[in-house]
Amino acid sequence: MMKAVQMMTATPARIMKVDDRKGSIAVGKDADLVIFDDDINVHLTMVEGKIVYKGEAL
């Protein structure tokens with residue numbers, strides 16, 4: 001699963017040359033996050049650190 005996540009995050013950010021602010025979790029980056037379970041059900045989405053979607057399970 002970790003390899004798949006990297007392929008959906010860090011790799012595209014690097015290819016699009018936005019990896020200075022996207023593609024990983026680090027201080028100073030945009031804080032665009034998606035929290036999902038093993039079945040890839042999305043539970044929470046954040047854009048620039050603000051919650052824009054919160055599933056019922058949270």
I'd like to know whether D37 forms a side-chain contact (heavy atoms from CB on, under 4.5 Å) with H43, so could you lay out the CA-CA distance, the side-chain angles of the two residues, the decisive distance to 0.1 Å, and finally the verdict. CA-CA 8 Å; D37 60 25; H43 294 282; 3.0 Å; yes

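With L33 as the fixed residue, the side chain to side chain contact (heavy atoms under 4.5 Å, CB included) test singles out one of V47, I25, L44: I25.
Not counting sequence neighbours, T45 has no partner by the side chain to side chain donor-acceptor pair (under 3.5 Å) test.
How far OG of S24 is from CZ of R14: 11.5 Å, rounded to the nearest 0.5 Å. Once rounded to the nearest 0.5 Å, the distance linking CD1 of I35 with CD1 of I51 reads 9.5 Å.
Linking Ile, Leu, Val, Met, Phe, Trp and Tyr whenever their side-chain heavy atoms come within less than 4.5 Å puts V34 and I40 in one cluster.
Residues T11 and Q6 have side chains in contact (heavy-atom distance under 4.5 Å, counting atoms from C-beta outward).
Under the 4.5 angstrom side-chain criterion for Ile, Leu, Val, Met, Phe, Trp and Tyr, M7 has no cluster partners at all.
Between V5 and F36 the shortest heavy-atom distance is CG2-CZ, 3.9 Å. Minimum interatomic distance between A13 and G23 (heavy atoms only, all atoms of both residues): CB-CA, 3.8 Å.
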For residues 15-22, please give each side-chain donor-acceptor pair under 3.5 Å, one per line with the distance, not counting sequence neighbours.
| unit_1 | atom_1 | unit_2 | atom_2 | d |
| --- | --- | --- | --- | --- |
| K22 | NZ | D30 | OD2 | 2.8 |
| K22 | NZ | D32 | OD2 | 2.4 |

